[in-house]
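Numbering of residues begins at 1 and proceeds along the displayed sequence.
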Amino acid sequence: MKKTVMSLTMATTLLLISCGQNKEQENFGKSTEEQTVSITEATPNPLINEGKELFEGKGTCVACHNPDKKIIGPSIKEIANLYQTTNSDIVAFLKEESDPIVDPSQYEIMKTNFSITKKMSDKELHALESYILSYAD
């Protein structure tokens, strides 16, 4: 009886110790890149979320800009890629402190929205910039 209790105690102890170890799980066919994307999607950047809310709400940007295609203004992806490639400042443009670089022919239409973006705080403008740049390739 003593041997049975001792064996049972040791088995339970080993089981508890092994469950508490931080073992790496198998990928089950997923590459590291796929796992990273899943983690990133599960934990979005709060600044990007705030920018999205501003883009779709207070900023009224969604009226003219679509993520992947030109509506009235260029797509968000086109804007993001150009600003990232040229290392330009979206915030300065939204404050009307720099020239348009994406589609200067649409500048007159965009000017009507500067009354909205100029009232935004720097934090809000940086959130918009983060949201836009999140579409860059």
Side-chain angles (χ1 to χ4, degrees):
M1 174 86 176
K2 217 176 195 183
K3 285 184 181 183
T4 305
V5 171
M6 183 75 128
S7 296
L8 186 57
T9 303
M10 286 178 56
T12 304
T13 303
L14 286 174
L15 180 64
L16 290 173
I17 290 172
S18 67
C19 288
Q21 290 179 349
N22 194 8
K23 292 183 179 180
E24 196 173 311
Q25 294 182 347
E26 291 185 35
N27 294 338
F28 297 108
K30 288 187 177 183
S31 69
T32 306
E33 184 176 306
E34 287 174 324
Q35 291 176 353
T36 303
V37 169
S38 298
I39 291 169
T40 303
E41 289 171 358
T43 56
N45 180 334
L47 196 59
I48 292 172
N49 286 341
E50 182 182 346
K52 181 179 185 202
E53 288 175 20
L54 289 164
F55 191 90
E56 294 174 350
K58 179 179 177 180
T60 68
C61 312
V62 74
C64 297
H65 302 283
N66 184 282
D68 297 320
K69 66 180 180 179
K70 179 180 173 87
I71 301 177
I72 294 169
S75 71
I76 303 171
K77 187 175 189 105
E78 182 182 352
I79 295 167
N81 286 331
L82 187 58
Y83 271 86
Q84 190 170 50
T85 301
T86 60
N87 200 25
S88 297
D89 188 351
I90 294 173
V91 172
F93 175 71
L94 295 174
K95 288 180 172 184
E96 209 173 9
E97 296 173 352
S98 69
D99 293 330
I101 63 171
V102 178
D103 190 353
S105 68
Q106 295 291 313
Y107 183 65
E108 289 303 316
I109 296 169
M110 179 63 192
K111 280 176 75 170
T112 60
N113 291 319
F114 287 132
S115 62
I116 297 169
T117 57
K118 284 182 172 182
K119 291 177 185 173
M120 291 183 180
S121 69
D122 283 345
K123 182 180 183 264
E124 289 173 317
L125 291 171
H126 284 288
L128 267 176
E129 180 180 52
S130 293
Y131 172 67
I132 292 168
L133 292 176
S134 73
Y135 281 87
D137 291 330

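- In this structure, the separation between CD on Glu50 and CD on Glu53 is 7.5 Å, given to the nearest 0.5 Å.
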### Query
For Lys118 and Glu96, what are the C-alpha separation, side-chain angles and deciding distance, and is it a salt bridge (Lys or Arg N to Asp or Glu O under 4.0 Å)?
CA-CA 8 Å; Lys118 284 182 172 182; Glu96 209 173 9; 2.9 Å; yes
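- Using a 4.5 Å heavy-atom threshold, the side chains of Met120 and Leu94 count as separate.
- Residue pairs that meet the ring pair (Phe, Tyr, Trp, His ring centres under 6.0 Å) test with at least one member in residues 54-86, sequence neighbours left out, are Phe55-Tyr131.
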### Task
In sequence, state the C-alpha distance, the side-chain angles, and the governing distance for Asp103 and Glu78, and then conclude on side-chain contact (heavy atoms from CB on, under 4.5 Å).
CA-CA 10 Å; Asp103 190 353; Glu78 182 182 352; 5.7 Å; no
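- Remark: side-chain polar atoms of Asn81 are paired, donor with acceptor, to backbone N or O of Asp137 under 3.5 angstrom.
- In the displayed structure, Lys69 atom NZ is contacted under 6.0 Å by at most 12 heavy atoms of other residues, nucleotides or ligands.
- Legend: residues meeting ring-ring contact (aromatic ring centres under 6.0 Å, His included) with Phe93, ordered by chain and number and at least two apart, are Phe114.
- Hydrophobic cluster membership differs between Ile71 and Tyr135, with clusters built from Ile, Leu, Val, Met, Phe, Trp and Tyr side chains linked at under 4.5 angstrom.
- Every residue meeting the side-chain contact (heavy atoms from CB on, under 4.5 Å) condition with Asn49, not counting sequence neighbours, appears here in chain and number order: Pro44.
- Take Thr86 and apply the side-chain contact (heavy atoms from CB on, under 4.5 Å) test, not counting sequence neighbours, and it matches Leu82, Ser88, Ile101.
- Among residues two or more places apart in sequence or in another chain, the side-chain contact (heavy atoms from CB on, under 4.5 Å) test is passed with Ala63 by none.
- For Asp122, the side-chain contact (heavy atoms from CB on, under 4.5 Å) criterion is met by Lys95, Leu125, His126, not counting sequence neighbours.
- A continuous path of hydrophobic side-chain contacts links Ile132 to Tyr107 [ILVMFWY only; heavy atoms under 4.5 Å].
- Following chains of ILVMFWY side-chain contacts shorter than 4.5 Å, one cannot reach Ile109 starting from Ile79, and the two form parts of different hydrophobic clusters.
- By the 4.5 Å heavy-atom criterion applied to side chains, Glu129 and Asp89 are counted as neighbours.
- Contact of the Leu128 side chain with the Ile90 side chain is not registered, since no non-hydrogen atoms from C-beta on lie closer than 4.5 Å.
- Rounding to the nearest 0.5 angstrom, the gap separating the OG1 atom in Thr60 from the CD1 atom in Ile116 is 3.5 Å.
- The closest side-chain heavy-atom distance from Ser75 to Asn66 is not below 4.5 Å.
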